[in-house]
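This report concerns only the one structure given below.
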Amino acid sequence: MGLLFAKLWSLFCNQEHKVIIVGLDNAGKTTILYQFLMNEVVHTSPTIGSNVEEIVVKNTHFLMWDIGGQESLRSSWNTYYSNTEFIILVVDSIDRERLAITREELYRMLAHEDLRKAAVLIFANKQDMKGCMTAAEISKYLTLSSIKDHPWHIQSCCALTGEGLCQGLEWMTSRIGVS
Ligand SMILES: Nc1nc2c(ncn2[C@@H]2O[C@H](COP(=O)(O)OP(=O)(O)OP(=O)(O)O)[C@@H](O)[C@H]2O)c(=O)[nH]1
Ligand SMILES: [Mg+2]
């Protein structure tokens, strides 16, 4: 009953759910944001600061902040954290060398007080690249199964074709109203 009420409430109030899209530079965050918005691939350049767009999925409104992932910008990710309901962590599945850095950034975020209640969607992006890591390999390396204090889900995707992106959004909408 509580869940039904929460869903109806969010439906009628058009309540906006804050999402941050994070991950290392070149992971595909901006490409994903504009696939969500326009269903097409846009030409991107490295994000300095952030892009923000409202994405509506089946009457659910998400306010999505795509944050630049270059090393010098990562220390300011925390200025975006307050009131975040969802973290979308984008991983470049071909970038084996830097998965350790992604892991560090993930656990730093999960330990942050402002993200205590946030759910985490991990996109294993660039699945079109030959020799890329699978979602299962990334999950294992990031030891996702050890995360007990945040809901999480990993989804393989390709931002260039859009494959997998809807499934990720569906998981997010399924979390709304679940505490
Ligand atoms: N092959 C392939 N290339 C992709 C995919 N997604 C994104 N790219 C490319 O990866 C490059 C970086 O994409 P961006 O979306 O700009 O990356 P970003 O994560 O926003 O990077 P920063 O803004 O620097 O943090 C671009 O050339 C994209 O076209 C994918 O699924 N497959
Ligand atoms: Mg970007």
Side-chain angles (χ1 to χ4, degrees), residues 17-57 62-82 84-110 112 114-115 118-142 144 150 152-172:
H17 303 277
K18 182 177 171 184
V19 180
I20 56 169
I21 309 179
V22 291
L24 305 187
D25 46 294
N26 200 50
K29 301 177 293 297
T30 304
T31 311
I32 288 175
L33 177 70
Y34 288 100
Q35 268 284 10
F36 283 155
L37 190 69
M38 306 186 302
N39 274 317
E40 62 185 55
V41 177
V42 295
H43 175 77
T44 61
S45 45
T47 306
I48 308 298
S50 58
N51 301 297
V52 62
E53 300 291 350
E54 187 188 42
I55 311 291
V56 184
V57 189
F62 293 104
L63 190 67
M64 295 203 180
W65 292 85
D66 154 40
I67 311 172
Q70 291 176 59
E71 190 175 3
S72 58
L73 303 173
R74 287 178 218 147
S75 58
S76 52
W77 283 0
N78 59 13
T79 59
Y80 294 87
Y81 289 171
S82 67
T84 293
E85 286 180 57
F86 294 96
I87 303 166
I88 298 181
L89 173 65
V90 182
V91 178
D92 177 347
S93 305
I94 198 77
D95 191 358
R96 292 172 190 271
E97 290 74 33
R98 296 199 302 163
L99 195 53
I101 303 172
T102 298
R103 190 178 197 283
E104 262 176 50
E105 294 295 348
L106 169 63
Y107 285 94
R108 203 192 321 277
M109 283 188 287
L110 295 182
H112 198 287
D114 291 349
L115 295 175
V120 190
L121 170 65
I122 299 109
F123 271 132
N125 191 33
K126 304 199 185 181
Q127 288 293 313
D128 58 309
M129 301 286 285
K130 197 161 180 271
C132 70
M133 295 175 283
T134 63
E137 281 176 271
I138 292 171
S139 177
K140 194 170 173 205
Y141 191 87
L142 298 178
L144 297 180
H150 292 79
W152 60 268
H153 178 73
I154 186 162
Q155 171 68 49
S156 53
C157 72
C158 171
L160 295 188
T161 61
E163 221 174 314
L165 297 183
C166 285
Q167 288 92 324
L169 282 181
E170 274 166 22
W171 179 77
M172 285 169 54

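Read the numbers this way: they start at 1 and go in the same order the structure lists the ligands and their atoms.
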Tell me the contacting part of N26 for ligand 1: side chain, backbone, both, or neither, using a 4.0 Å heavy-atom threshold, strictly below.
both
Residue N51, metal the Mg ion (ligand 2), N/O/S under 2.8 Å
no
Where does the angle between the aromatic ring planes of F36 and F123 fall among parallel (under 30°), tilted (30 to 60°) and perpendicular (over 60°)?
tilted
Based purely on interatomic distance, does G69 place a nitrogen or oxygen under 3.5 Å from a nitrogen or oxygen of ligand 1?
yes
Looking at atom 26 (C) of ligand 1, what's its closest protein heavy atom, distance included?
T44 OG1, 3.9 Å
Where on L160 is there a heavy atom closer than 4.0 Å to ligand 1, on the side chain, on the backbone, on both, or on neither?
both
Given 3.5 Å as the limit, does a donor-acceptor pair link the side chain of Q167 with the main chain of C157, or not?
no
Sidechain N-carboxylate O distance under 4.0 Å for E137, R96
yes
Under 4.0 Å, heavy-atom basis, I'd like to know which part of M129 is in contact with ligand 1: side chain, backbone, both or neither.
side chain
Parallel, tilted or perpendicular: which describes the rings of F62 and H17, with under 30° parallel and over 60° perpendicular?
tilted
Answer yes if the side chains of D114 and S82 hold a donor-acceptor pair under 3.5 Å, and no otherwise.
no
Could you tell me whether D66 and K29 make a salt bridge, using a distance below 4.0 angstrom between a side-chain N and a carboxylate O?
no
Can you tell me which residue and heavy atom of the protein come closest to atom 6 (N) of ligand 1, and the distance to 0.1 Å?
N125 ND2, 3.1 Å
Should R108 and E105 count as an ion pair when the cut-off is N to O under 4.0 Å?
yes
For atom 10 (O) of ligand 1, what is the nearest protein heavy atom, given as residue, atom name and distance?
K126 NZ, 3.2 Å
Taking atom 31 (O) of ligand 1 as the reference point, the nearest protein heavy atom with its distance
A159 N, 2.9 Å
Decide whether an N or O pair under 3.5 Å exists between Q127 and ligand 1.
no
Is the distance from the Mg ion (ligand 2) to the nearest N/O/S atom of T44 under 2.8 Å?
no
Just by modelled atom types, is the N125 backbone N or O under 3.5 Å from a matching donor or acceptor in the S93 side chain?
yes
Candidates E71, Q70, R98 - the one meeting side-chain contact (heavy atoms from CB on, under 4.5 Å) with L24:
R98
Distance-only N or O hit between ligand 1 and D66, under 3.5 Å
no
What about G28: any of its N or O atoms under 3.5 Å from an N or O on ligand 1?
yes
Decide yes or no on side chain to side chain contact (heavy atoms under 4.5 Å, CB included) for V19 and I88, but give the supporting numbers first.
CA-CA 7 Å; V19 180; I88 298 181; 3.7 Å; yes
Touching ligand 1 at all, G23? Heavy atoms, strictly under 4.0 Å?
no
Side-chain donor/acceptor of W65 to backbone N/O of S50, under 3.5 Å:
no
Which residue and non-hydrogen atom of the protein lie closest to atom 20 (O) of ligand 1, and at what distance in Å?
T30 OG1, 2.9 Å
Using modelled atom types and a 3.5 Å cut-off, is there a donor and acceptor pairing between side-chain atoms of W77 and backbone atoms of I20?
no
Answer yes or no: does an N/O atom from A27 fall short of 3.5 Å to an N/O atom of ligand 1?
yes
Residue, atom and distance of the protein heavy atom nearest atom 1 (N) of ligand 1 read D128 OD2, 2.9 Å
Determine, considering heavy atoms only, which of L165, I21, T47, V90 sits nearest to atom 22 (P) of ligand 1.
T47
Shortest protein heavy-atom distance from atom 13 (O) of ligand 1, along with the residue and atom involved
T31 OG1, 3.5 Å
Among protein heavy atoms, which lies nearest atom 19 (O) of ligand 1, and at what distance?
K29 NZ, 2.7 Å
